[in-house]
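Let me begin by presenting the structure, written as structure tokens, before commenting on it.
Just so we're clear, the structure is a prediction, and the values are computed from it rather than from any experiment. All values below come from the heavy atoms of this structure, side chains included, with hydrogens, waters and symmetry mates left out. In what follows, residues are counted from 1 in the order of the sequence shown.
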Amino acid sequence: APEFSIVGADGGQLAWHELDARLDAGGSGTVRARSLSLADGLGQALLLKTLAWQWQSLPGAPGRLSARLDGRIARAVFDNEAYGPLALEARVADLDLHAWHALAAQLGRMRNADTGAINEAARAELYRETLPALLEGGPHIEIPRLRLTTPQGDVRLALRVQAPEKMRRARLLADVVSQLDVDFETRVPAGLARDLTVQVMQASGRAPETIEDADIDLAVDGLMKGKF
């Protein structure tokens, strides 16, 4: 599809240039594009330049997802902040396939399409049911390499996550993360680390007005020491 654009009645839009997507019978495929832009009509917009993503399905047990993903993006602009280049390598083994499909569908319901507000019921279901089901059965997730250039400096990450055979009931994101065996090495600019910490706190159910600087300092210090 060399060129495509559509604008919704409320100002949301989707456009791409030189898009080439391929999918084979085994579930592996590639997506390449010179540019891809998205806007939601609420003032948030994303522009991606020169992207190339490739995923390969790997042999696994029936009903379980195993795959490898390689991605490159030359430049990304989100809300007037420029990022990139981005390089990512990732592998997953033995994720529950039905829960994976449920997660993809549920993410689209996380925000109200008209106001952008978080759907609290959908978020509660995500932490209580979908994520534990996705991680049940001891799947393995690995990111050998992630490198992203940001306005605050470079981000580098290597990550390995081993989930347990049986997940306990969860209410918050922290309840899910605490059950995982996580090994990672990362380099993140200090300002960006604090911003991400606040976002994780809010995703876990903390109201913005209750988050103090001391809370952020403690959380960042815990991340530096590998404590969750």
Mind listing the closest non-hydrogen atom pair of L51 and L48 along with its distance?
CD2-CB, 3.8 Å
Once salt bridge (Lys or Arg N to Asp or Glu O under 4.0 Å) is applied, do any residues pair with D181, and if so which ones, sequence neighbours excluded?
R160
S28 side chain to S57 main-chain N or O, any donor-acceptor pair under 3.5 Å?
yes
Verdict with reasoning, R156 to T186, per side chain to side chain contact (heavy atoms under 4.5 Å, CB included)
CA-CA 5 Å; R156 299 172 183 264; T186 184; over 6 Å; no
Mind checking salt bridge (Lys or Arg N to Asp or Glu O under 4.0 Å) for R68 and listing every partner two or more places apart, or none if nothing turns up?
D70
Grouping ILVMFWY residues whenever side-chain heavy atoms fall under 4.5 Å, the cluster of V7 otherwise contains none
Side-chain donor/acceptor of D175 to backbone N/O of R171, under 3.5 Å:
yes
If you round to the nearest 0.5 Å, how far is CG of L173 from CZ of R123?
9.5 Å
For E185, the salt bridge (Lys or Arg N to Asp or Glu O under 4.0 Å) test, sequence neighbours excluded, returns none
Would you please name every residue forming a side chain to side chain donor-acceptor pair (under 3.5 Å) with Q106, sequence neighbours left out?
E125, T130
With sequence neighbours excluded, residues passing side chain to side chain donor-acceptor pair (under 3.5 Å) with E18:
R34
One should read off an interatomic distance between I73 CD1 and L88 CG, to the nearest 0.5 angstrom, of 9.0 Å
Kindly check if the number of other-residue, nucleotide or ligand heavy atoms within 6.0 Å of CZ (R187) is above 12?
no
Residue set satisfying salt bridge (Lys or Arg N to Asp or Glu O under 4.0 Å) with E129, at least two apart, ordered chain then number -> none
Show which side-chain atoms of residues 143-151 pair as donor or acceptor with protein atoms under 3.5 Å away, not counting sequence neighbours.
unit_1: R145; atom_1: NE; unit_2: E89; atom_2: OE2; d: 3.4
unit_1: R147; atom_1: NH2; unit_2: D154; atom_2: OD2; d: 3.1
unit_1: T149; atom_1: OG1; unit_2: D154; atom_2: OD1; d: 3.0
unit_1: T150; atom_1: OG1; unit_2: Q152; atom_2: N; d: 3.1
unit_1: T150; atom_1: OG1; unit_2: G153; atom_2: N; d: 3.2
unit_1: T150; atom_1: OG1; unit_2: G153; atom_2: O; d: 2.6

Sequence neighbours excluded, which residues qualify as side chain to side chain donor-acceptor pair (under 3.5 Å) partners of Q179?
none
For the CZ atom of R32 and the CH2 atom of W53, what is their distance to the nearest 0.5 Å?
12.5 Å
Just so I know, are the side chains of D215 and T210 near enough to count as touching, which here means a heavy-atom distance under 4.5 Å?
no
Residues, nucleotides or ligands: over 12 heavy atoms within 6.0 Å of R75 CZ:
no
What pairs with F4 under ring pair (Phe, Tyr, Trp, His ring centres under 6.0 Å), at least two apart in sequence or on another chain?
W16
Looking only at atom types and distance, does a side-chain atom of W55 sit under 3.5 Å from a main-chain N or O of G27, one as donor and one as acceptor?
yes
Tell me, which pairs form a salt bridge (Lys or Arg N to Asp or Glu O under 4.0 Å) where one or both residues lie in residues 131-144, sequence neighbours left out?
R91-E142, E136-K166
Quick test of your reading of the model: are R22 and D20 salt-bridged, counting only N-O distances below 4.0 Å?
yes
Min side-chain heavy-atom separation H17-S37 under 4.5 Å
no
Given a cutoff of under 4.5 Å between side-chain heavy atoms of I, L, V, M, F, W and Y, with clusters grown through shared members, what are the other residues clustered with V77?
L47
